[in-house]
Amino acid sequence: MSWGTELWDQFDSLDKHTQWGIDFLERYAKFVKERIEIEQNYAKQLRNLVKKYCPKRSSKDEEPRFTSCIAFFNILNELNDYAGQREVVAEEMAHRVYGELMRYAHDLKTERKMHLQEGRKAQQYLDMCWKQMDNSKKKFERECREAEKAQQSYERLDNDTNATKADVEKAKQQLNLRTHMADENKNEYAAQLQNFNGEQHKHFYVVIPQIYKQLQEMDERRTIKLSECYRGFADSERKVIPIISKCLEGMILAAKSVDERRDSQMVVDSFKSGFEPPGDFPFEDYSQHIYRTISDGTISASKQEGGKVDAKTTVGKAKGKLWLFGKKPKGPALEDFSHLPPEQRRKKLQQRIDELNRELQKESDQKEALNKMKDVYEKNPQMGDPGSLQPKLAETMNNIDRLRMEIHKNEAWLSEVEGKTGGRGDRRHSSDINHLVTQGRESPEGSYTDDANQEVRGPPQQHGHHSEFDDEFEDDDPLPAIGHCKAIYPFDGHNEGTLAMKEGEVLYIIEEDKGDGWTRARRQNGEEGYVPTSYIDVTLEKNSKGYYMQ
């Protein structure tokens, strides 16, 4: 089946068909472009959704402590990866399908124009040959009529007796001339006819079939290209299906990781005070005043006033100390966390001891490294001066001694809490409340303590640990550092909320990258802001305060 043999006389139809094919190709390209825009918008909206529900400024209430919170943030991370795969689909379609279609459509237009121009030239050449043949035919026909007229004139004069011999001779010469010209035109017409027939045969059996064959091949290639683009359109999405399936599997695993028992235990661990429930209040018999005499009543009343405290006042103070149904009164954070309930105090002290042990381990490792370096310098003086390491060694030793003292002090507080937590609730019964209040055994912050030395102390001094170990009842304390980072590249930080940094500058990390490409950092002077994650080398401490699971 060939266009050249079957459609030899359908040039205009083929012209329209090939134009329709290009229009259809461009229409499909437009469809792909709109699909790409849909994918890009979908991915953008998904990323905005993830960013909206991944709070940048994490607080204690927003920390993913519970398994349900952790699962939700894992789902958000998987959804962010899913959005990335939608962007991959859009990029693949743009490169493999849309871009290829636009380039091919341009080449196809150029090729079609060339083939159609060749067909028109061939048709014009055939029309010129036909005109030449037709002109020679008409000229031959005209000369034949003139020769016929000359024959009739010669015969009339030859039969006319009145005609002179000169007229007859002239008519004969005219006849011979016309007959000769008719013969020449006959030969010319025959030659033109033979030439036209040859060009016509060549046109319809050689030239036009060749041109139409090229048009046919062009149209078939267009069809093949559409088939490839259809396949590429589907493959662009099929390639990311395994990754998308992993994202969905990650969401399912996140859902399965939710543990209601663990969350309930976290609630207990977070809010457990360690106190025992209050005991029964004793019966206060006020009827004895009725049976006393006036003088006895006066004396007894004065005695009662001197040795007894109003029960209402006692109950009120007891409630203030137990924090049963109200919010715990705020006060300045003490270094030993004595302002906290026993269980929360124990947890805070244990957390601080763990952090101090980690710092001590770092300092010990640094000391060991400095000693090794000092030994190397002593053996090879050309590598360095051993004396140059002495200040650093002294500083490290001072830090180790300081940390050990801090650990010992906090361990003493922890031992005190662990030794007295069990018995502290027994002292909270109503039978002892009056005694406690009478003796003034209440701390300046309104929290109960049984340490007599603590009673005579003045208001607690503010220590450097206050900013590092935040009171869990405070709402506006600065965020703790969860690691540190080193700037790989400089960043100007002109935009609002960003933090400028120099190459090599070391900053504290107070909030991880939530998937938007920004990490929240803080300088030593307290200045905070966001820096590009790709510009820094991050080192996180997974056991730091920012990661501690309450």
Dump the intermediate steps for side-chain contact (heavy atoms from CB on, under 4.5 Å) on Glu217 and Lys213, then the final yes or no.
-> CA-CA 6 Å; Glu217 291 175 352; Lys213 180 182 179 181; 3.4 Å; yes

Apply the test side-chain contact (heavy atoms from CB on, under 4.5 Å) to residues Asn74 and Ile70: give CA-CA distance (whole Å), side-chain angles for both, the deciding distance (0.1 Å), then the verdict.
-> CA-CA 6 Å; Asn74 289 337; Ile70 297 173; 3.6 Å; yes

For side-chain contact (heavy atoms from CB on, under 4.5 Å), just list the numbers for Arg262 and Phe66, CA-CA rounded to whole Å, side-chain angles, deciding distance to a tenth of an Å, and then say yes or no.
-> CA-CA 8 Å; Arg262 183 179 174 186; Phe66 301 105; over 6 Å; no

Residue pair Thr164, Asp167: steps toward the side chain to side chain donor-acceptor pair (under 3.5 Å) verdict = CA-CA 5 Å; Thr164 61; Asp167 293 335; 3.0 Å; yes

Please report the C-alpha distance between Met114 and Thr110 in whole Å, then the side-chain angles of each, then the deciding distance to 0.1 Å, and finally whether the side-chain contact (heavy atoms from CB on, under 4.5 Å) criterion is met.
-> CA-CA 6 Å; Met114 180 185 67; Thr110 304; 5.9 Å; no

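Residues satisfying the salt bridge (Lys or Arg N to Asp or Glu O under 4.0 Å) criterion with Glu6, sequence neighbours excluded, are absent altogether. A search for ring-ring contact (aromatic ring centres under 6.0 Å, His included) contacts involving Trp20 returns His17, Phe24, not counting sequence neighbours. Gln85 is linked by a side-chain contact (heavy atoms from CB on, under 4.5 Å) to Val88, Val240, Ile243, Ile244, counting only residues two or more places apart in sequence or in another chain. Here Ser364 pairs with Leu360, Ile400 under the side-chain contact (heavy atoms from CB on, under 4.5 Å) rule; sequence neighbours left out. The side chain to side chain donor-acceptor pair (under 3.5 Å) test applied to Lys138 returns Asp134, not counting sequence neighbours. Ile208 is linked by a side-chain contact (heavy atoms from CB on, under 4.5 Å) to His203, Tyr212, counting only residues two or more places apart in sequence or in another chain. Every residue two or more places apart in sequence or in another chain that forms a side-chain contact (heavy atoms from CB on, under 4.5 Å) with Ser2 is listed here: Thr5, Gln216. Listed by chain and residue number, Tyr28 satisfy the ring-ring contact (aromatic ring centres under 6.0 Å, His included) test with Tyr230 (two or more places apart in sequence, or in another chain).
Formation of a donor-acceptor pair under 3.5 Å by the Asn185 side chain with backbone atoms of Met181 is found in this model. Put simply, the side chain of Asn80 never gets that close to the backbone of Leu76: no donor and acceptor are under 3.5 Å apart. Side chain of Lys239 to backbone of Ala234: no donor-acceptor contact under 3.5 angstrom is found.
By the 4.5 Å heavy-atom criterion applied to side chains, Gln361 and Asn357 are not counted as neighbours. You'll find the side chain of Phe11 stays beyond 4.5 Å of the side chain of Leu14, heavy atoms only. Leu248 is listed as a side-chain neighbour of Met251, based on a closest heavy-atom distance under 4.5 Å. Asp235 places none of its side-chain heavy atoms less than 4.5 Å from the side chain of Glu92. Looking only at side-chain heavy atoms (C-beta outward), Ser68 and Asp263 come within less than 4.5 Å of each other. Side chains of Glu87 and Glu39 form no contact here, defined as non-hydrogen atoms less than 4.5 Å apart. The side-chain heavy atoms of Val531 and Tyr535, taken from C-beta on, include no pair separated by under 4.5 Å. Here the side chains of Leu108 and Met218 are in contact, with some heavy-atom distance below 4.5 Å.
For CZ of Phe204, the number of neighbouring non-hydrogen atoms (other residues, nucleotides, ligands) closer than 6.0 Å is greater than 12. More than 12 heavy atoms of other residues, nucleotides or ligands sit less than 6.0 Å from atom CD of Gln19.
Checking each of Met501, Glu505, Lys486 against Ile536 for a side chain to side chain contact (heavy atoms under 4.5 Å, CB included) leaves exactly one that passes, namely Met501.
In terms of heavy-atom proximity, Ser236 sits nearest to Val89 at O-CG2, 3.7 Å. The two residues His115 and Ile211 make their nearest non-hydrogen contact at O-CG2, 3.5 Å. Ile509 approaches Val538 most closely through the heavy-atom pair CG1-CG1, 4.2 Å. Heavy-atom minimum distance, Ala29 versus Leu101: CA-CD1, 3.8 Å. Taking every heavy atom of both residues into account, Pro480 and Arg522 meet most closely at C-NH2, 4.2 Å.
Under the 4.0 Å criterion applied to side-chain N and carboxylate O atoms, Lys372 and Glu368 are assigned as salt-bridge partners. The pair Glu528-Arg520 meets the salt-bridge criterion, since a charged nitrogen lies less than 4.0 angstrom from a carboxylate oxygen. Ion pairing between Glu26 and Lys109 holds under the 4.0 Å rule for side-chain N and carboxylate O.
Side chains of Ser257 and Thr67: no donor on one and acceptor on the other come within 3.5 Å.
Residue pairs meeting the salt bridge (Lys or Arg N to Asp or Glu O under 4.0 Å) criterion with at least one member in residues 112-124, sequence neighbours excluded, are Asp15-Arg112, Asp15-Arg120. Under the salt bridge (Lys or Arg N to Asp or Glu O under 4.0 Å) criterion, the residue pairs touching residues 221-231 are Glu100-Lys225, Glu111-Arg221, Asp219-Arg222, Lys225-Glu228, with sequence neighbours excluded. For the salt bridge (Lys or Arg N to Asp or Glu O under 4.0 Å) condition, no pair includes a residue of residues 181-210, sequence neighbours left out.
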Give the table of side-chain donor-acceptor pairs shorter than 3.5 Å for residues 139-154, with sequence neighbours excluded, one pair per line with atom names and distance.
{"unit_1": "Glu141", "atom_1": "OE2", "unit_2": "Arg145", "atom_2": "NH1", "d": "3.2"}
{"unit_1": "Gln151", "atom_1": "NE2", "unit_2": "Glu155", "atom_2": "OE2", "d": "2.7"}

